[in-house]
K.L.:
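There's a structure below that I have some questions on.
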2 protein chains.
Amino acid sequence: MPEFLVGELVRQRMGALSASERRLAQVLLAFYPVAGLENLTRFAERAGVSPATVTRFITKLGLRGYPEFQDSLRQELQERLSSPLTRYELTATADSSGSTLHDAFATHEHSLRASVDMVSEHDFDAVVDLLADPRRRVLSLGGRVSAFLARYLASQLHLIRPGVELIDPERSNPADHLVDLGRRDILVVFDYRRYQSDTINSAKVAAGRGSTVVLVTDPWLSPAAASARFVLVTGVQTTVTPFDSMVSAVALTEALIAGVLARLGETAHARMRRMDELRGGVVYGDGP
Amino acid sequence: MPEFLVGELVRQRMGALSASERRLAQVLLAFYPVAGLENLTRFAERAGVSPATVTRFITKLGLRGYPEFQDSLRQELQERLSSPLTRYELTATADSSGSTLHDAFATHEHSLRASVDMVSEHDFDAVVDLLADPRRRVLSLGGRVSAFLARYLASQLHLIRPGVELIDPERSNPADHLVDLGRRDILVVFDYRRYQSDTINSAKVAAGRGSTVVLVTDPWLSPAAASARFVLVTGVQTTVTPFDSMVSAVALTEALIAGVLARLGETAHARMRRMDELRGGVVYGDGP
DNA sequence: TACAAACTGTAAGAATCGTTTCAATGCCTG
DNA sequence: CAGGCATTGAAACGATTCTTACAGTTTGTA
């Protein structure tokens with residue numbers, strides 16, 4: 001029976017995993033450890049991969065098989081649950097401390113923290129590389145809730161590199177943008193519950209045309225994951241609202257932009273200066 | 001999937017159980033819920049009873065069978081583990097800096113933390129009250145960078161109350177919306193550096209027509225503050241990018257929405273249900 | 001473009017798991 | 001003490017679950 005924590009192990013090996021395996025890792029970390037305590041088939045389904053991939057994944061972690069994997073998780077869980085502190089945490093009931101404002105921000109902070117683990121660093125870097133490649137076109141698309149994220153990405157990315165387009169289903173038919181997608185193009189899809197069929201479909205079409213599909217989604221994974229080359233997962237925790245929180249998604253988007261900017265360096269800055277001149281807004285204040 | 005907690009259920013039925021069954025109950029409660037997450041045979045062994053007794057025990061609890069029993073335990077566990085506080089305890093890892101991703105998220109976290117102090121609780125509550133008043137119209141407007149925030153607010157608020165409009169300078173002239181603004185109307189303006197003259201102007205016009213202007217801006221305050229009845233400030237800290245971070249702004253926006261939702265209660269929920277029916281998206285997965 | 005290597009899913013088989021049946025045992029009651 | 005009822009475990013069956021072998025696909029490279 002292994003001594004180490006499975007979660008740690010997964011994070012360590014993340015780099016050595018294949019795309020599907022990484023998807024499993026993400027789901028596991030997002031719903032840790034419960035996802036791994038379900039049976040192999042269900043775990044596979046949650047991540048949208050085949051059962052065989054799960055077995056390979058487990059083997060790569062250095063474990064003998066799925067049963068041993070589950071044993072480790074259970075043992076680990078037992079230890080955590082019996083630590084006095086956690087014990088308290090688990091027993092403590094929902095503490096509605098005070099104001100909506102404070103509660104909301106506290107939740108957002110936790111959500112952010114949790115998200116860092118959910119995003120695969122490997123995938124993140126790979127996506128930044130893609131987005132920083134000036135020869136590739138970038139299309140950005142979102143569902144009903146996440147449309148604003150697509151917009152945000154497109155508008156900011158547009159400032160630092162050419163070839164960025166927003167697909168706005170409210171304004172034009174996505175199909176118009178999808179027809180001439182090619183092998184060099186990137187489609188960034190934002191899809192958070194409740195997942196939309198047209199978004200999922202767009203991803204499928206793009207993948208079918210050989211484009212690279214990047215999906216940004218919640219831990220339950222939009223079905224569009226099936227068509228995606230890279231899946232970036234962010235937490236959406238909310239305690240108070242039926243709505244998911246998009247804070248982590250925005251954080252991720254900004255991180256992507258920062259990454260691309262860092263990679264493009266002076267080229268991007270030059271472009272930004274030019275854009276600035278063309279626009280010429282009013283500039284008050286003097287920030288740092 | 002049962003609503004109750006299995007542990008509670010067991011304690012309740014304790015009296016109605018036979019000797020062997022009670023041993024099972026004790027083991028389960030002593031190692032809760034891990035004991036029940038092992039397979040039936042092992043659970044039986046731990047309690048020193050036969051597998052058949054386990055099945056009978058489960059049945060007596062009113063559950064359909066061992067798999068359903070485990071499902072309940074897992075679901076329950078998941079819910080407990082995702083309480084923000086616990087989440088923090090369980091997730092906290094050695095944060096090794098270096099990568100863009102980690103740096104970005106760390107910054108965002110600080111930004112969030114700082115923002116809580118910048119927002120005036122009093123103003124926040126007042127704004128929530130305003131936005132929750134169904135007799136008032138709400139117009140949402142943003143600058144170049146912050147347009148997506150205006151969109152986000154409008155789309156979410158639209159779900160929970162009528163009379164919400166987005167002013168989209170890209171699509172139509174803001175003036176068209178402003179002409180018939182009245183004393184009862186609210187204009188929510190998002191303006192982050194670099195401040196735009198047309199946004200500032202819209203705020204001025206609205207204020208002039210007697211509408212209540214709410215401004216969401218950065219710590220340097222958009223000049224639109226002059227026309228605003230309420231000003232909500234959020235942090236924008238960034239270390240790596242020339243761009244400001246909108247994470248806190250999103251957090252604030254969501255907090256506003258949560259606040260309004262809380263105030264409107266059932267009315268809002270009813271509206272949401274209706275909207276949902278009319279839209280009818282694809283729903284995969286089953287969130288917590 | 002063609003080839004090799006890596007990846008992934010399908011499907012079949014092996015192993016494990018959960019349920020049910022039935023007989024044995026213990027316990028209370030008449 | 002005998003009869004009946006509740007309780008329990010052994011064992012066999014059927015269902016599920018995990019593993020493995022193989023083939024199709026994709027990806028990267030010469």
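Just so we're on the same page: letters track the sequence lines, and every chain starts at 1. Only this structure's heavy atoms are used, side chains among them; waters, hydrogens and symmetry mates stay out.
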K.L.:
Please report, rounded to the nearest Å, how far the P atom of C/dT19 is from the CG atom of B/Asn39.
P.N.:
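For the pair B/Asn39 CG and C/dT19 P, the rounded distance is 11 Å.
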K.L.:
Give me the distances for all protein-to-nucleotides 20-25 of chain D N/O pairs that come in under 3.5 Å?
P.N.:
none

K.L.:
Working to the nearest 0.5 Å, report the span between CG of A/Leu141 and CG of A/Leu215.
P.N.:
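Here the interatomic distance stands at 10.5 Å.
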K.L.:
Within this structure, what is the CZ-to-C1' distance between A/Arg22 and C/dA6, rounded to whole angstrom?
P.N.:
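The answer, rounded to whole Å, is 13 Å.
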K.L.:
Please determine whether a side-chain nitrogen of the Lys or Arg among B/Arg13 and B/Glu21 lies less than 4.0 Å from a carboxylate oxygen of the Asp or Glu.
P.N.:
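Salt bridge flag = no for B/Glu21 with B/Arg13.
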K.L.:
Give a yes/no answer on whether the side chain of B/Ser50 brings an N or O atom under 4.0 Å of OP1 or OP2 in D/dT8.
P.N.:
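Answer no for this pair, as no side-chain N or O of B/Ser50 is under 4.0 Å from OP1 or OP2.
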K.L.:
Taking the six-membered ring of A/Trp220 as reference, does the cationic atom of A/Arg193 (NZ for Lys, CZ for Arg) lie under 6.0 Å from its centre and within 45° of its axis?
P.N.:
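Yes.
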K.L.:
Using a cut-off of 6.0 Å, state whether more than 12 heavy atoms not belonging to A/Lys204 lie near its atom NZ.
P.N.:
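No - once you tally the heavy atoms of other residues, nucleotides and ligands closer than 6.0 Å, there are 12 at most.
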K.L.:
Is any NZ, NE, NH1 or NH2 atom of the basic residue among A/Arg11 and A/Glu8 found under 4.0 Å from an Asp or Glu carboxylate oxygen of the other?
P.N.:
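Salt bridge: yes.
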K.L.:
Would a 4.5 Å heavy-atom cut-off, applied to side chains only, mark A/Tyr192 and A/Leu149 as touching?
P.N.:
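The answer is yes; the side chains approach within 4.5 Å.
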K.L.:
CG of A/Leu40 versus P of C/dA15: gap in Å, rounded?
P.N.:
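One finds 17 Å between P of C/dA15 and CG of A/Leu40, rounded.
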K.L.:
Do A/Asp185 and A/Arg209 sit within salt-bridge range, that is, some charged N less than 4.0 Å from a carboxylate O?
P.N.:
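Judged by the 4.0 Å cut-off on N to carboxylate O distance, A/Asp185 and A/Arg209 do not form a salt bridge.
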K.L.:
Could you work out how much the helix from C/dT1-D/dA30 to C/dG30-D/dC1 bends, comparing the axis of its first five pairs with that of its last five, to 10°?
P.N.:
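Inter-axis angle at the ends, rounded: 20°.
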K.L.:
Check whether any side-chain nitrogen or oxygen of B/Thr53 sits under 4.0 Å from OP1 or OP2 of D/dT8, and answer yes or no.
P.N.:
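No.
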K.L.:
Let's see if you can work this out: which of C/dC7, D/dG9, D/dC18 has an atom nearest to the side-chain heavy atoms of B/Val49?
P.N.:
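Nearest listed nucleotide: D/dG9.
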K.L.:
Among the candidates D/dC18, C/dT19, D/dT8, find the nucleotide nearest to the side-chain atoms of B/Pro67.
P.N.:
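Nearest to the side chain of B/Pro67 among the choices is C/dT19.
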K.L.:
Using a strict cut-off of less than 4.0 Å between a Lys/Arg side-chain nitrogen and an Asp/Glu carboxylate oxygen, indicate whether A/Asp71 and B/Arg42 qualify as a salt bridge.
P.N.:
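Salt bridge between A/Asp71 and B/Arg42, a charged N being under 4.0 Å from a carboxylate O: yes.
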K.L.:
Quickly work out the B/Arg42 CZ to C/dG18 C1' distance and round it to whole Å.
P.N.:
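The answer, rounded to whole Å, is 15 Å.
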K.L.:
Taking only side-chain N and O atoms of B/Ser18, does any of them lie within less than 4.0 angstrom of OP1 or OP2 on D/dA6?
P.N.:
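Result: no.
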K.L.:
Measure the distance from CZ on B/Phe43 to C1' on C/dG18 and round it to the nearest whole Å.
P.N.:
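Checked: the CZ to C1' distance equals 14 Å.
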K.L.:
Ion pair present between A/Arg273 and A/Glu266, side-chain N to carboxylate O less than 4.0 angstrom?
P.N.:
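Counted as a salt bridge, because a side-chain N and a carboxylate O are separated by less than 4.0 Å.
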K.L.:
Mind calculating the distance between CZ (A/Phe57) and P (C/dA6) to the nearest angstrom?
P.N.:
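Roughly 20 Å, once rounded to whole Å.
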K.L.:
Calculate the interatomic distance between A/Lys60 atom NZ and C/dA6 atom P; express it in whole Å.
P.N.:
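These atoms are roughly 10 Å apart.
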K.L.:
Roughly, in whole Å, what's the span from CD in A/Glu45 to P in D/dC18?
P.N.:
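Going from A/Glu45 (CD) to D/dC18 (P), I get 12 Å.
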